Peer 1: 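After the structure tokens below, expect a handful of questions from me.
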Amino acid sequence: MAQEDVFKKLVAHCKEYGFVFPSSEIYDGLAAVYDYGQHGVELKNNIKKYWWDSMILLHENVVGLDSSIFMHPTIWKASGHVDAFNDPLIDNKDSKKRYRADVLIEDYLGKIEDKILKEVTKARKRFGDSFDEKVFRETNGRVLEHQKQFDTVHTRYAKAMNDMDLNELRQIIIDCEIVCPVSGTKNWTEVRQFNLMFSTEMGSTSEGALKVYLRPETAQGIFVNYLNVQKTGRMKIPFGIAQIGKAFRNEIVARQFIFRMREFEQMEMQFFVRPGSELQWFETWKATRMSWHKALGFGDENYRFHEHEKLAHYANAAVDIEYRFPFGFKEVEGIHSRTNFDLSQHQKFSGKKIQYFDPELNESYTPYVVETSIGVDRMFLQIMAACYCEETVENDGKTDTRVVLKFPPALAPVKLAILPLMKKDGLPEKAREIMNELKFDFNCQYDEKDTIGKRYRRQDAIGTPFCVTVDYQSVEDNCVTIRYRDTMLQERVSIDKLHDIIAEKINPKVLFSKIV
RNA sequence: GCGGAAAUAGCUCAGUUGGUAGAGCAUCAGCUUCCCAAGCUGAGGGUCGCGAGUUCGAAUCUCGUUUUCCGCUCCA
């Protein structure tokens with residue numbers, strides 16, 4: 001089966017069994033926005049719990065936080081998001097290539113500068129030691145002409161960028177006769193601005209409302225609460241703050257199902273360390289996070305690190321953990337050494353001193369930060385992809401297929417199904433009795449419709465790890481059978497022991513013990 | 001955002017040269033059956049993505065639009 005087909009089946013399965021629905025579907029949907037259905041939300045919650053507990057329970061020096069989606073707008077100036085996400089873009093209609101309008105103009109200006117430099121170099125060669133560059137630049141006709149051209153364009157360009165005058169940017173490109181490097185034509189579209197942050201207005205719109213953004217990452221909520229947490233929690237460096245929450249990015253193209261959405265959820269942990277120790281901690285968290293993924297048992301060979309060659313403005317080291325999706329290796333988690341960029345910026349923009357006094361060193365410093373950042377939705381998709389199986393089943397010489405989601409029991413949306421073998425003779429009552437005993441601790445489903453085989457298949461399709469079957473004998477001896485999802489084997493156990501057996505098997509300790 | 005393709009019941013799909021929409025599975029109500037789907041009976045469910053246009057008449061032809069998929073592009 002082709003890999004793309006697997007992906008398509010996965011998407012169909014997600015919808016058919018209540019994991020993921022397109023948003024606003026009865027209104028034709030909303031592009032790249034999805035809702036989690038009755039089973040999806042359970043799986044998602046379990047994923048979040050697995051992450052949260054692995055951070056909060058397993059590390060004494062990591063604490064949680066839940067910061068707001070709305071934050072003071074200046075935070076996004078400090079973080080660099082306001083500037084970095086306001087690119088004016090223009091398309092060439094012939095080559096279909098997209099460019100940043102400002103980059104096209106800057107390249108053009110760069111070429112003029114090159115021309116001037118060429119003249120200068122030539123002249124220096126000719127005149128030798130007696131060459132005076134300043135005088136040459138002020139007197140040479142060709143240079144002056146280039147310089148004049150440069151100044152004119154640069155002035156217009158600077159003003160246009162300052163005003164974000166998109167029409168003027170386009171006019172500059174036309175006036176300068178800038179051509180597309182690919183097609184060589186001047187057939188340009190309008191300049192459009194893609195602001196990757198969603199904005200809205202806070203306060204009554206009539207009287208000076210404040211423009212606020214929906215956060216494009218959860219990290220800044222942690223940085224701006226650094227002092228609060230450190231002081232009230234009496235935290236000593238090194239320590240971490242973990243947070244799970246929604247983030248929003250107005251992506252130009254959001255596609256591939258829930259892999260890239262405009263509204264998504266992140267699980268981030270910012271770990272504050274001594275300056276100079278950040279790369280060591282970077283390595284430590286790399287290993288820890290990788291072991292967290294591998295503990296799920298989806299095959300070590302399906303994971304790899306991808307080192308970033310081009311680093312973001314705030315980072316001095318960055319690596320992705322990639323998983324082999326049906327559509328290739330893709331990022332599921334990023335680990336970044338963010339230096340002290342963020343805290344320094346907030347110190348600068350807020351005017352508040354954000355420092356840590358290190359009693360061991362007897363000095364104050366701005367902590368360095370190592371970040372682990374994972375997308376919940378990508379993790380969800382990754383788990384669906386890893387667990388989706390189509391199997392051939394032999395029974396009484398009949399061949400037959402089943403679709404089964406082999407979730408680790410700790411993550412499964414429904415932990416067990418309770419199934420009376422027959423819909424009569426007191427079996428449903430007995431099954432209900434068991435259900436009422438277990439429903440407080442486990443997500444259970446009761447099903448008495450159709451043949452037992454059909455009911456097993458239904459539970460397989462949503463990844464329920466255990467099916468408890470109540471038969472005639474159960475009424476007499478208080479024993480039931482547990483049917484295991486992956487092996488389809490059955491085990492007869494006493495009803496009294498059911499709770500402990502299930503609790504043991506879904507205990508995330510099994511996963512936690514594999515994390516370094 | 002550009003180019004290409006697609007959209008009919010919950011799912012997979014039929015639907016003739018334009019004449020008021022069908023199957024299988026699924027769902028629901030019964031019956032039958034002591035452990036791995038597709039036994040029997042019955043029922044519900046679609047203004048054919050949406051909006052215009054052509055036509056006596058449009059699921060079918062034309063245009064627009066929305067969504068999805070595939071490429072390109074973008075992704076601090």
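All values below were derived from every heavy atom in this structure, side-chain atoms included, with hydrogens, water molecules and symmetry-related copies excluded. What you see is a predicted model, and the numbers here were worked out from it, not measured in a lab. Numbered from 1 within each chain, the chains take letters A, B, ... in sequence-line order.
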Peer 1: Looking at B:U27, B:C35, B:C34, which one has an atom nearest to any side-chain atom of A:Y456?
Peer 2: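 Nearest nucleotide to the side chain: B:C35.
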
Peer 1: Mapping A:Y484 and A:E217 onto RNA chain B by nearest heavy atom, which one lands closer to the 5' end?
Peer 2: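 Closest to the 5' end, via its nearest nucleotide, is A:Y484.
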
Peer 1: Both A:V393 and A:E16 contact RNA chain B. Taking the nearest nucleotide for each, which residue is further toward the 5' end?
Peer 2: A:E16

Peer 1: Could you check which of B:C34, B:A37, B:U27 has an atom nearest any side-chain atom of A:R457?
Peer 2: B:A37

Peer 1: For B:U12, what is the paired nucleotide under Watson-Crick or G-U wobble rules, both distances under 3.5 Å?
Peer 2: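 Check on B:U12: paired to B:A23, both distances under 3.5 Å.
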
Peer 1: Does A:K454 put a side-chain nitrogen or oxygen below 4.0 Å from OP1 or OP2 of B:A26?
Peer 2: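 For B:A26, OP1 or OP2 has a side-chain N or O of A:K454 closer than 4.0 Å.
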
Peer 1: Going by modelled atom types, is there a donor-acceptor pair between the base of B:C36 and the side chain of A:R483 at under 3.5 Å?
Peer 2: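 Present.
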
Peer 1: Rounded to whole angstrom, note down the P distance from B:U73 over to B:G3.
Peer 2: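 Between the two P atoms, the distance is 16 Å.
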
Peer 1: Using the C1' atom on both, measure B:U54 against B:A58 and round to a whole Å.
Peer 2: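 Approximately 10 Å lies between the C1' atom of B:U54 and that of B:A58.
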
Peer 1: What's the spacing between A:Q243 CD and A:E217 CD if we round to 0.5 Å?
Peer 2: 10.5 Å

Peer 1: Would A:K330 and A:F325 count as a cation-pi pair here, with the cationic atom under 6.0 angstrom from the ring centre and within 45° of the axis?
Peer 2: no

Peer 1: When the distance from CD of A:E391 to P of B:A37 is rounded to whole Å, what number comes out?
Peer 2: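 Computing the A:E391:CD to B:A37:P distance gives 14 Å.
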
Peer 1: Any base atoms under 4.0 Å from A:S79, or only sugar-phosphate, or nothing? Heavy atoms, all strands.
Peer 2: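 Nothing, no nucleic acid heavy atom in range.
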
Peer 1: With rounding to whole Å, what would you report as the distance between B:C28 and B:G45 at their C1' atoms?
Peer 2: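 So the two C1' atoms sit 11 Å from each other.
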
Peer 1: Does the A:R492 side chain pair with the main chain of A:C479, one donor and one acceptor, at a distance under 3.5 Å?
Peer 2: yes

Peer 1: When you compare B:A59 with B:U8, how far apart are their P atoms, in angstrom units rounded to a whole number?
Peer 2: 15 Å

Peer 1: Quick one: A:R455 CZ to B:A38 P, roughly how many Å, whole number?
Peer 2: 12 Å

Peer 1: I need the A:C176 SG to A:K111 NZ distance, nearest 0.5 Å.
Peer 2: 11.0 Å

Peer 1: Does A:R260 contact B:C75 through a side-chain donor or acceptor facing the base, at a distance under 3.5 Å?
Peer 2: yes

Peer 1: How far, in whole Å, is B:A23 from B:G15 if one measures between their C1' atoms?
Peer 2: 11 Å

Peer 1: Would you indicate which nucleotide in B:A37, B:C36, B:C35 comes nearest to any side-chain atom of A:M488?
Peer 2: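 Selected nucleotide (nearest to the side chain): B:C36.
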
Peer 1: For B:C11 and B:G64, measure between their C1' atoms and round to the nearest Å.
Peer 2: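 Straight-line distance between the two C1' atoms is 30 Å.
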
Peer 1: Looking only at atom C1', what distance separates B:G51 and B:C36, rounded to whole Å?
Peer 2: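 The same atom, C1', in both gives a distance of 50 Å.
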
Peer 1: Could you please name the partner base of B:A52, counting Watson-Crick and G-U wobble pairs only when both distances are under 3.5 Å?
Peer 2: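 Because both required distances fall under 3.5 Å, B:A52 counts as paired with B:U62.
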
Peer 1: Report the distance from atom CD1 of A:I452 to atom C1' of B:U32, rounded to the nearest whole Å.
Peer 2: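 So the CD1-C1' distance, A:I452 to B:U32, works out to 16 Å.
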
Peer 1: Quick one: A:F257 CZ to B:U67 P, roughly how many Å, whole number?
Peer 2: 17 Å

Peer 1: Looking at B:U41, which nucleotide sits across from it as a Watson-Crick or G-U wobble partner, both distances under 3.5 angstrom, or is there none?
Peer 2: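 Checking every strand shown, B:U41 finds its partner in B:A29, with both distances under 3.5 Å.
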
Peer 1: Return the pairing partner of B:G18 with a 3.5 Å limit on both distances, Watson-Crick or G-U wobble; otherwise return none.
Peer 2: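 The answer is none; no pair meets the criterion.
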
Peer 1: So, under a plain 3.5 Å distance rule, would you say the side chain of A:D471 forms a donor-acceptor pair with the base of B:C35?
Peer 2: yes

Peer 1: Select one nucleotide: of B:A37, B:C36, B:U27, the one nearest the side-chain heavy atoms of A:Q490.
Peer 2: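 Shortest atom-to-atom distance from the side chain points to B:C36.
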
Peer 1: Do NZ/NE/NH1/NH2 and the carboxylate oxygens of A:R455 and A:D447 come within less than 4.0 Å?
Peer 2: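 No, no charged N to carboxylate O under 4.0 Å.
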
Peer 1: B:U47 pairs with which nucleotide, Watson-Crick or G-U wobble, both distances below 3.5 Å?
Peer 2: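 When the pairing criteria are applied, nothing turns out to pair with B:U47, so the answer is none.
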
Peer 1: Determine the interatomic distance between C1' on B:A37 and the same-named atom on B:G24; round to the nearest Å.
Peer 2: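 Looking at atom C1' only, B:A37 and B:G24 are 15 Å apart.
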
Peer 1: Let me know the distance between CG of A:D450 and C1' of B:G30, rounded to the nearest Å.
Peer 2: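 Rounded to the whole Å, the gap is 13 Å.
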
Peer 1: On the six-membered ring of A:F305, is A:K286 placed so that its NZ or CZ lies under 6.0 angstrom from the centre and within 45° of the ring axis?
Peer 2: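 Relative to the ring axis of A:F305, which defines the angle, A:K286 lies inside both limits.
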
Peer 1: Under 6.0 Å from the ring centre and within 45 degrees of the ring axis: does the NZ or CZ of A:R249 meet both conditions for the six-membered ring of A:F264?
Peer 2: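 Negative - A:R249 is either too far from the ring of A:F264 or too far off its axis.
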
Peer 1: Can you tell me how far NE2 of A:H39 sits from OG1 of A:T464, rounded to the nearest 0.5 angstrom?
Peer 2: 7.0 Å

Peer 1: Would you mind telling me which of B:C36, B:A37, B:A76 lies closest to the side-chain atoms of A:H81?
Peer 2: B:A76

Peer 1: Between B:U68, B:G10, B:C35, which nucleotide has the shortest distance from any of its atoms to the side chain of A:Y34?
Peer 2: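 The answer is B:U68, which lies nearest to the side chain.
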
Peer 1: How long is the line joining CD of A:E25 and P of B:A9, in whole Å?
Peer 2: 11 Å

Peer 1: Among B:U27, B:A29, B:C11, which is the nearest nucleotide to the side chain of A:K449?
Peer 2: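 From the listed options, B:A29 comes nearest.
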
Peer 1: How many Å lie between CD on A:Q459 and C1' on B:A37, as a whole number?
Peer 2: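 To the nearest whole Å, that distance equals 14 Å.
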
Peer 1: Could you state the CZ-P distance from A:R492 to B:C35, rounded to the nearest angstrom?
Peer 2: 13 Å

Peer 1: From the list B:U33, B:C36, B:C11, which nucleotide is the closest neighbour of the side chain of A:K15?
Peer 2: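 Selected nucleotide: B:C11.
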
Peer 1: Checking base pairs now: Watson-Crick or wobble, both atom distances under 3.5 Å. What partners B:U67?
Peer 2: B:A6

Peer 1: Among B:A37, B:A76, B:C34, which nucleotide sits nearest the side chain of A:R249?
Peer 2: B:A76

